[in-house]
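Have a look at the structure below, then the notes.
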Amino acid sequence: MNRKSQRAEIALHRARVSDSFQELLAGTEDLLRSTATYTGSEIEAARERLKRQLAEARESAGEWETAARQRARRASVYADEVVHEHAWKSAGVAALVGVLLGCCLASGGRR
């Protein structure tokens, strides 16, 4: 699997997870709104617990997103460094091969 298809697959999975989480949050908020008129201490306690869990889930999602962005940035910087490192090695090898070919061709004309 090449890097382009890997990136596309990762982006697809990230979008699916994000969409699923957003649907979960929206469904939970709808449930809270639809039960707003119900009364009773047990229902109120359940609603408060659900609100708290929803807030915690949002906070965790924000933390996960921040951590994922930081990891992606670090990976990007590392990949950039590796590419640049190998680019210079490749350029050095190409220059050496060019010099050797030039020497061989130049000495071949003197015979």
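As the structure is a computational prediction, the values presented were derived from the model and not from experiment.
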Q | Salt-bridge present (E85, K89; N to O < 4.0 Å) | A |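 Salt bridge present between E85 and K89.
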Q: Supply the atom-to-atom distance E81 CD to H84 NE2, rounded to the nearest 0.5 angstrom.
A: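 Here the rounded value is 10.0 Å.
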(Q) Measuring from atom OG1 of T66 to atom CZ of R71, what distance do you get when rounded to the nearest 0.5 angstrom? (A)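 Answer rounded to 0.5 Å: 10.5 Å.
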**Q.** Qualifying residues under salt bridge (charged side-chain N to carboxylate O under 4.0 Å, His left out), relative to D30, sequence neighbours excluded
**A.**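 Counting only residues at least two positions away or on another chain, D30 forms a salt bridge (charged side-chain N to carboxylate O under 4.0 Å, His left out) with R33.
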Q | Full working for salt bridge (Lys or Arg N to Asp or Glu O under 4.0 Å) between E65 and R69 | A | CA-CA 6 Å; E65 184 178 1; R69 283 186 181 158; 2.7 Å; yes
Please tell me whether [X] and [Y] are part of a single hydrophobic cluster in this structure, the criterion being side-chain heavy atoms less than 4.5 Å apart.
X    : Y   : answer
F21  : L31 : yes
L101 : V93 : yes
V17  : L24 : no

Q: Output yes when a side-chain donor or acceptor of S60 lies under 3.5 Å from a complementary backbone atom of E56, and no otherwise.
A: yes
